Each structure stands twice: as C-alpha cells, then as structure tokens.
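Remarks on the structure that follows.
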Number of protein chains: 2
Amino acid sequence: MNTLNHTESTAVSTDVVIFTMREERLSVLLVKRSREPFKGFWALPGGLIGEGEALDEAAHRMLAEKTGIEGVYLEQLYTFGIPQRDPRGRVVSVAYYALLPYCRLRMTERAGNLAWHELGALPETLAFDHGEIVAMAKKRLCAKLEYSTIAFQLMPEKFTLSELQAVYEEILGERLDKRNFRKRVQNLGCLEETGEQFRAGKHRPAKLYRIKAPGRVDIIK
Amino acid sequence: MNTLNHTESTAVSTDVVIFTMREERLSVLLVKRSREPFKGFWALPGGLIGEGEALDEAAHRMLAEKTGIEGVYLEQLYTFGIPQRDPRGRVVSVAYYALLPYCRLRMTERAGNLAWHELGALPETLAFDHGEIVAMAKKRLCAKLEYSTIAFQLMPEKFTLSELQAVYEEILGERLDKRNFRKRVQNLGCLEETGEQFRAGKHRPAKLYRIKAPGRVDIIK
DNA sequence: TCAAAAGTGTTGTGTTTACACCCATGA
DNA sequence: TCATGGGTGTAAACACAACACTTTTGA
C-alpha cells in the first residue's frame with residue numbers, strides 16, 4: 001500500500017454559519033478573535049478538523065462547543081480555498097451552515113467574545129473571508145425557503161402560524177399575504193395543531209402548531 | 001504572525017466529474033488506475049491541489065490535463081472527507097463537475113486507460129467513493145436543468161432544437177413534448193438563429209441555433 | 001409519392017395571486 | 001366598546017400540460 005506524497009502542508013478547517021431567529025431577526029453567531037491574525041475582528045466558529053473526524057462531525061463539534069447543543073440541522077455549504085485566505089498558511093475551509101431554534105440555546109455569551117449578530121447589521125468586515133461565507137449561507141437559506149421546509153428548523157417546538165410567517169418574511173425580506181401563506185404551509189401536511197392556544201396581548205389567542213417530523217427537511221413541489 | 005499547528009497531515013485533492021454528450025448519451029470521463037489502491041479500477045480524474053493553487057484552478061488543471069481543453073463550465077459540487085475514503089491516509093476531496101461539448105475534445109483515449117463511460121452503464125464499482133460522487137453530480141445536473149440554462153454548456157457552437165431536446169431527454173430520463181419544449185427554450189431569449197440549416201437525411205432540414213452568450217449560465221424563473 | 005423528422009397554436013386544467021371582513025380577547 | 005392581531009374564501013390571472021397536422025427534403 002502506497003502512502004501519499006505531500007508536496008506541502010495544507011490544513012483543513014470547517015467554519016459554521018449558525019443561524020437563529022432572535023428577537024424577530026435572523027442572526028448569526030460570531031466569535032471575537034483574541035489572537036492574530038484578525039485580532040479583535042469577529043469570525044465564524046470554526047477550527048481544524050480532527051484526526052479521524054469526518055467533516056460534518058467536525059462541524060457538529062464546532063456547533064456543540066459554542067452553543068452546547070447537539071442534533072441540529074446542519075448542511076455543507078461550500079469549500080473555500082484560495083491560497084491567500086489565511087495569512088498564516090494554506091487553509092482550506094469546508095463551510096457549513098446550521099439552523100437552530102433560539103429557545104434551545106443554553107449558552108452564555110461569555111465575556112463578550114461570543115455574540116449573536118443580526119444579518120442586517122453585521123460588522124463592516126469579518127475575519128478572513130467569513131463575510132463572503134455568511135453571504136453565501138444567507139443566499140442558500142433564502143433559496144431553500146422556496147422549495148423546502150428548511151425554515152421549520154428555526155422554529156421552537158410549538159409556534160403559531162403568524163410566528164412562522166414572520167420568519168419567512170424576515171429571511172426573504174418581503175411581506176407575504178397572510179391567507180396565501182397559511183394555505184401553502186397547511187397544504188404541506190407537515191404541521192399539526194397541538195390543540196393548545198397561545199395568548200399574547202389583548203386579542204384573540206392563536207392556535208399552536210407543531211412539526212410532525214421535527215428533524216426532517218422535505219423538498220417541496 | 002502565528003503559524004498553524006497541524007495535528008496531523010491532511011491532503012486535499014480535487015476530483016472532477018467531466019460530463020459530455022457522446023453518441024446521444026450522457027457520459028463521464030474516467031481513468032483506469034495503474035497503481036494501488038484500487039489498481040485496475042476506474043476513477044475520476046483528480047489529484048492533489050498544488051501549492052498556491054486555488055481549488056477551482058486545481059479542478060481546471062485536472063480537466064486540462066485529461067482533455068486538453070480550457071475554459072469549460074466548472075462548478076464545485078461537494079466536499080468529501082470521511083476518514084476512510086482513501087486507504088493511504090486522510091484525503092479530503094473537493095469534488096467539481098464540468099460540462100463540455102464533445103466536439104471540443106481533442107483527446108486521445110490513450111492506451112485504454114482513459115475512457116468515456118455512459119452514465120447508464122458505469123462499472124459496478126469505481127475507485128474510492130467516486131461512484132457516490134458521480135451519482136451526486138448527476139443529481140445536481142438533473143436539478144439544474146429545471147431552473148437554469150446549464151444544459152447549453154453541453155452543446156456545440158451550432159445545434160438544432162431537436163438536438164437540444166434530446167440532451168434534456170437523455171439527462172432527465174423522460175420524453176418531452178416537442179412544442180412545449182421549443183416554446184420554453186425560445187422564450188428564454190438565450191438562443192438566436194444562425195440563419196443556416198442542417199441537413200441530415202431525407203427530411204426537412206432543421207434551423208441551426210447558437211447561444212447568445214456562450215459562457216453564461218442563467219438561473220431561470 | 002413515400003418516409004422521416006422539422007416546424008407550428010390552441011384549449012383546458014391547475015396553480016398562484018390579489019383581496020376584505022369577522023372573531024376572540026384584554027384593557 | 002375599542003383596539004389588536006387571529007382567522008377565513010373566492011375570483012381573476014397566469015403558467016403549464018395535452019394534443020395533431022402541415023412542411024420540406026431525399027430516396
């Protein structure tokens with residue numbers, strides 16, 4: 001059995017764009033870098049892949065290290081590898097994106113070096129090419145809203161249709177018609193009423209729904 | 001400036017699924033391995049990325065090395081990285097797929113270790129996880145037919161609408177209605193008549209079309 | 001004149017959009 | 001009783017699918 005000839009040393013890392021819906025806004029989790037390069041800049045959670053670790057295992061690990069939670073929706077996004085992307089040397093980064101309901105978090109934004117940032121108000125520049133990675137993840141998420149049930153991965157266990165609609169509107173950046181929206185999501189057949197109601201203020205309470213198969217993301221149409 | 005701590009040596013390669021339409025059949029270019037591991041098995045063209053070489057540059061290089069041609073459509077597919085995928089050690093492979101018109105090839109299928117294989121009649125098992133890579137590329141290509149003009153990248157400079165329809169039918173694996181098909185592609189506005197005709201046998205000659213912006217792939221709808 | 005593929009429109013069906021009012025509640 | 005968001009149906013517009021005959025050529 002041969003061994004490989006390495007002409008150079010290349011590092012492989014994963015960076016994870018972790019999306020959540022926080023205070024009605026689509027947000028990503030960023031880490032403030034404490035070391036050069038890009039000291040003081042915000043970066044995506046990430047790191048080198050471990051020996052014997054699959055790429056998506058590594059991504060799940062990054063996610064668990066920062067958020068403390070497991071079993072969330074995670075999907076490979078793209079691999080970034082221009083030679084200059086890390087000033088320390090050649091690093092190829094396999095980017096992932098994750099979606100999680102904010103309520104599941106048990107996270108301390110420790111010492112201010114871990115924080116949620118609204119997508120509409122990101123820092124001017126992020127470390128490395130992370131701005132580009134976030135932009136691509138947002139674009140992919142937008143596209144997937146149209147032809148899959150991916151948005152459900154951002155919802156808590158129980159939610160109202162208005163809350164779901166607000167999530168779509170925030171991500172797509174446009175208002176949707178209430179009746180058409182409800183017709184569409186109800187026809188998917190993925191939702192069921194919990195039978196419970198949610199009271200929020202001085203108006204009619206809303207029905208609560210849950211997802212029939214919580215882990216599942218379906219391609220629609 | 002720091003340097004990276006490598007906990008291990010990881011190699012990064014690219015493998016390229018090169019599609020063409022050959023004798024009415026969607027085919028991929030495979031290389032017969034002359035060395036272990038998988039000696040004698042067919043594999044995708046690929047290899048380690050070079051120092052200072054971007055990932056898509058590496059993919060273009062693989063393509064040029066095997067086919068001798070440049071400037072073809074190339075897109076990143078997915079990155080494969082389970083630790084066991086190469087018995088020699090850890091190799092993360094960034095897979096690409098390419099589309100090219102068969103007529104552009106000036107390639108010698110040298111000594112029988114480089115050959116086109118119809119997608120419908122691939123060898124039972126390919127080297128490494130290359131069977132999986134090809135399957136994913138085919139699936140992506142199918143999906144993109146529906147919402148982009150990607151199929152045009154398989155066409156020669158001039159072609160008839162019937163030839164174009166045959167390409168769609170072969171990839172999708174279903175017959176299409178002639179009138180609806182022609183309506184659709186003509187409404188895209190990407191095609192123009194050359195004014196020439198193509199005679200092929202004892203029947204009415206077909207108009208030849210060309211693509212207005214040959215390099216370009218548009219997202220439609 | 002026959003065979004073979006090129007070329008061409010219309011109609012029906014289903015999907016998507018636009019749109020406005022009543023309901024249940026808390027203050 | 002009023003303000004607030006929850007909840008509901010219908011009609012028009014549009015996109016998509018189904019479908020058959022005439023044209024041009026070479027043999």
Side-chain angles (χ1 to χ4, degrees), chain A residues 21 23-24 142-149 151 155-156 158-170 172-210 218-221, chain B residues 21 23-24 142-149 151 155-156 158-170 172-210 218-221:
Chain A
M21 206 50 106
E23 293 167 7
E24 325 268 86
C142 261
K144 282 228 164 184
L145 277 204
E146 311 278 358
Y147 67 90
S148 80
T149 60
M155 305 309 290
K158 298 169 186 177
F159 53 89
T160 69
L161 294 185
S162 296
E163 287 165 348
L164 184 60
Q165 183 174 344
V167 169
Y168 274 80
E169 290 179 338
E170 161 70 3
L172 295 174
E174 60 182 343
R175 305 251 2 182
L176 302 174
D177 178 85
K178 193 186 349 181
R179 280 172 291 192
N180 293 337
F181 179 80
R182 292 162 106 92
K183 219 181 305 169
R184 184 146 39 92
V185 297
Q186 286 177 315
N187 285 345
L188 291 176
C190 306
L191 297 182
E192 60 187 6
E193 298 187 15
T194 64
E196 298 164 89
Q197 292 194 323
F198 177 68
R199 288 185 172 67
K202 53 170 185 170
H203 55 79
R204 179 173 176 174
K207 290 181 185 168
L208 284 169
Y209 290 80
R210 83 166 68 83
D218 294 314
I219 303 300
I220 57 192
K221 227 187 329 178
Chain B
M21 205 50 106
E23 292 167 8
E24 325 267 88
C142 260
K144 282 227 162 182
L145 277 204
E146 310 280 358
Y147 66 90
S148 79
T149 60
M155 306 308 290
K158 298 170 187 178
F159 53 89
T160 69
L161 294 185
S162 296
E163 287 165 349
L164 184 61
Q165 182 174 345
V167 169
Y168 274 79
E169 289 178 339
E170 160 70 3
L172 296 173
E174 60 181 344
R175 304 250 2 180
L176 302 174
D177 178 86
K178 192 181 359 176
R179 281 172 291 193
N180 292 338
F181 178 79
R182 292 162 106 91
K183 220 182 304 171
R184 186 147 37 92
V185 297
Q186 286 177 315
N187 285 344
L188 292 175
C190 306
L191 297 181
E192 59 187 7
E193 299 186 14
T194 64
E196 298 163 90
Q197 291 195 325
F198 177 69
R199 287 185 172 70
K202 53 171 185 173
H203 55 79
R204 180 172 175 174
K207 290 180 186 169
L208 284 169
Y209 289 79
R210 82 167 67 84
D218 293 314
I219 304 300
I220 56 191
K221 232 189 323 179

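No hydrogens, no waters, no symmetry mates; every other heavy atom, side chains included, goes into these values. Order of the sequence lines sets the chain letters (A, B, ...), proteins ahead of strands, with each chain counted from 1. Being a predicted model, the structure only gives us computed values, none of them experimental.
For the side chain to side chain contact (heavy atoms under 4.5 Å, CB included) test, residues two or more places apart in sequence or in another chain that qualify with B:Ile220 are B:Thr149, B:Leu188. Among residues two or more places apart in sequence or in another chain, the side chain to side chain donor-acceptor pair (under 3.5 Å) test is passed with B:Glu163 by none. Applying the side chain to side chain contact (heavy atoms under 4.5 Å, CB included) test to A:Lys207 and every residue at least two apart in sequence or in another chain returns A:Glu193, A:Tyr209. Applying the side chain to side chain donor-acceptor pair (under 3.5 Å) test to A:Glu192 and every residue at least two apart in sequence or in another chain returns A:Arg210. The side chain to side chain donor-acceptor pair (under 3.5 Å) test applied to B:Gln197 returns no partner, not counting sequence neighbours. Annotation: salt bridge (Lys or Arg N to Asp or Glu O under 4.0 Å) contacts of B:Asp218 (sequence neighbours excluded): B:Arg216. In this view, B:Glu196 and B:Lys158, B:Thr194, B:Leu208 satisfy the side chain to side chain contact (heavy atoms under 4.5 Å, CB included) rule, not counting sequence neighbours. Listed by chain and residue number, B:Gln165, B:Arg182 satisfy the side chain to side chain contact (heavy atoms under 4.5 Å, CB included) test with B:Lys178 (two or more places apart in sequence, or in another chain).
Here D:dC16 presents its C1' atom at 13 Å from CG of B:Leu176, a figure rounded to the nearest Å. Atom CZ in B:Arg179 sits about 10 Å away from atom P in D:dC21, given to the nearest Å. Remark: P of D:dG6 and CD of A:Glu193 are 15 Å apart, rounded to the nearest angstrom. As a whole-Å value, the separation of A:Gln186 CD from D:dG9 C1' is 13 Å. In this structure, CZ of B:Arg182 is placed 18 Å from P of D:dA18, rounded to the nearest angstrom. In this structure, CD of A:Gln165 is placed 13 Å from P of D:dG5, rounded to the nearest angstrom.
At the heavy-atom level, A:Lys207 lies under 4.0 Å from the strands shown only through sugar-phosphate atoms. When heavy atoms are screened at a 4.0 angstrom cut-off, A:Ser162 is found touching the sugar-phosphate backbone but no base atom.
Across every non-hydrogen atom of A:Ser148 and A:Tyr168, the tightest pair is O-OH, 4.3 Å. Of all non-hydrogen atoms in B:Thr160 and B:Ala206, the two that sit nearest each other are CG2-CB, 3.6 Å.
Using a 4.0 Å cut-off, no side-chain N or O of B:Arg184 falls inside it from OP1 or OP2 of D:dC16.
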Is there any protein nitrogen or oxygen under 3.5 Å from a nitrogen or oxygen in nucleotides 10-14 of chain D, and what are the pairs?
unit_1, atom_1, unit_2, atom_2, d
D:dT10, O4, A:Lys183, NZ, 3.1

Tabulated below should be each protein N or O lying under 3.5 Å from an N or O of nucleotides 22-27 of chain D; please produce it.
unit_1, atom_1, unit_2, atom_2, d
D:dT23, O4', B:Arg204, NH1, 3.4
D:dT23, O2, B:Arg204, NH1, 3.3
D:dT24, O2, B:Arg204, N, 2.7
D:dT25, O2, B:Lys202, O, 3.1
D:dT25, O2, B:His203, N, 3.3

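Among pairs with a residue in residues 184-205 of chain A, none fulfils ring-ring contact (aromatic ring centres under 6.0 Å, His included), at least two apart in sequence or across chains.
First and last contacts of DNA chain C with chain B, using any nucleotide atom under 4.0 Å from a protein heavy atom and ordered 5' to 3', fall at C:dA3 to C:dT10.
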